[in-house]
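For ligands, and for the atoms within them, numbers begin at 1 and follow the listed sequence.
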Amino acid sequence: MDKSIRDKYTVVIGLEVHAQLATSTKIYNSDATNFGNSPNTNISVITLGHPGTLPKLNKKVVEYAIKMGLACRSEISREMIFDRKNYFYPDLPKGYQITQDRTPICVGGKVWVSPRNGEEREIRLNRIHIEEDAGKSIHLPEETDTLVDFNRAGVPLIEIVTEPDLRSSDEAHSFLNEVRKLVKYLDICDGNMEEGSLRCDANISVMLKDAKEYGKKVEVKNMNSMRNLQHAIEHEIERQITALEAGEEILSETRTFDVATGTTSGMRTKEELNDYRYFPDPDLSPVHVSEEWLAQIEATMPALPRELYEAFIKDYDLPAYDAQILTDSKEIATYFQQLCKNTNNYKAASNWLMGPVKSVLNEQGINMIDFPLHPQQLAEIIELVDSNKVSHSAASQQLFPEMLKNNEDSALKLAEKLNLVQDSNENSIGLIIDEVIAENEKKVEEYRKGKKGLIGMFMGQVMNKSEGKADPQLANQLLREKLK
Ligand code: ADP
Ligand code: MG
């Protein structure tokens, strides 16, 4: 699309993010919540909504939701009820979903976004509420009937609803990424988008730059990755602008994203919307969040990525870029903090984590938790480089990989074994240089007459004679002095 046309419009996006809470049992009964079990094994008469069964609220669900609210600086509701949202669907055995309509557990709140191409900004939340997941309809290619798996029915969710504050697909991407980080730091959701633990619907509209009112919004469902979210938004922006430019109206509708074509298509319009007839669920008592309970939950709050980000810049003098990357995961941030207890070279610690360590994690497909070296060991390597005992390249290309395989030895012992300890003794290097000078009388004369390029040849011989162990910086400096 022509940039000048696109620039006439402001994009408005609001997200609704569902996060599956990592409790071991369901929200209203004690069925397991494991992902990937055989269909219909984690079910009971309560999950199946048999007549006469009663739900009982899982306390952990409330605690996890409150943690998210605290992390987002939301107001925590002290009194709340649960509501029935009535609709028919084969994966919804009760004929209604128990959710929170009028008394969401968290009201308001904020989440920072830091988009790649844009400024850091706070995005306002409208609410966070608790609800149950539905089952899953399965359409197998060789099967004419639709199958239903109820394992997921009754798995606890929180739904995080933003105000229409996001202004680009980059910001939406960043928001989802921040939410993912938060739930993982809080240990309340595994954040796994492929398994559906984190899902996102996007409400998108466009309006002319000077318009006073938002345009009609379209809700796009069915996006199971950050990348799909971004593609769907980009596609929808272009589709809406093209329609408006052609004098057409935007329909308030729900659309679905097709991963294969990267396009969205209409599912249903607002006129066909269900009337859910919300009403308070008479089977569940109201929940009261007491002062003590809230204080207990507050006491379990870990340091959050944003706090660590700021602390890393301030306390360790790191560039914002480093701080951002290191706080991407709680495990890496914690490792970095431990590393900094063992070395004062914070920037080197950061470089090692962002470079060689991250490569190892990627190559081996492991998490920081499973990284074989103790922070103390990595600090030793940093110390060897800082004290010029091992060159940086020998450390990263030989010592570090060897240490990963053979981590019983101390870094110094292993460096000695591998013959990587460089000579930074002026006397011994001086003797080698004297030898080289004595063996090259003619060249030395030429050098002294102005052929300075010969320094490389002399250095080569010094390094050769030292079997590569002379500290190159020191050797170079001594050589220049002796050649004067
Ligand atoms: P609905 O009545 O359709 O459920 P809500 O007002 O409850 O709409 O908002 C649902 C989501 O849509 C929220 O995330 C909100 O921020 C977002 N939203 C509301 N209006 C717009 C708009 N004009 N453009 C984009 N997003 C919007
Ligand atoms: Mg709504």
Checklist entry - Just checking, any donor-acceptor pair under 3.5 angstrom between side chains of Asp258 and Ser265? => result no
Checklist entry - Between Gln240 and Glu236, is any side-chain donor less than 3.5 angstrom from a side-chain acceptor? => result yes
Checklist entry - Of the choices Ile160, Asn203, Ile250, which has the non-hydrogen atom that lies closest to atom 26 (N) of ligand 1? => result Asn203
Short list, please: which atoms of ligand 1 are under 4.0 Å from a heavy atom of [X]?
X: Glu163; answer: 16 (O)
X: Gly215; answer: 23 (N)
X: Tyr214; answer: 23 (N)
X: Val161; answer: 13 (C), 14 (O)

Item to check | Qualifying residue, where the test is salt bridge (Lys or Arg N to Asp or Glu O under 4.0 Å) with Glu132 and the options are Arg152, Lys94, Arg84, Lys26 | outcome: Lys94
Checklist entry - Could Asp187 and Lys67 be called an ion pair, given the rule that one side-chain N must be under 4.0 Å from one carboxylate O? => result no
Next on the checklist: Is the shortest side-chain heavy-atom distance between Asn42 and Thr33 below 4.5 Å?
Outcome noted: no
Next on the checklist: Within a 6.0 Å radius of atom CD on Glu120, are there more than 12 heavy atoms belonging to other residues, nucleotides or ligands?
Outcome noted: yes
Checklist entry - How does Glu219 reach ligand 1, by side chain, by backbone, by both or by neither, if only non-hydrogen atoms under 4.0 Å count? => result neither
Checklist outcome for this item: Note: Leu15, heavy atoms under 4.0 Å from ligand 1, region reported as backbone
Next on the checklist: Check this for me - ligand 1, Pro164, N or O atoms closer than 3.5 angstrom, yes or no?
Outcome noted: yes
Next on the checklist: Is there a polar contact between ligand 1 and Thr162, counting only N or O atoms under 3.5 Å apart?
Outcome noted: yes
Item to check | Qualifying salt bridge (Lys or Arg N to Asp or Glu O under 4.0 Å) pairs, either residue in residues 375-385, two or more places apart | outcome: none
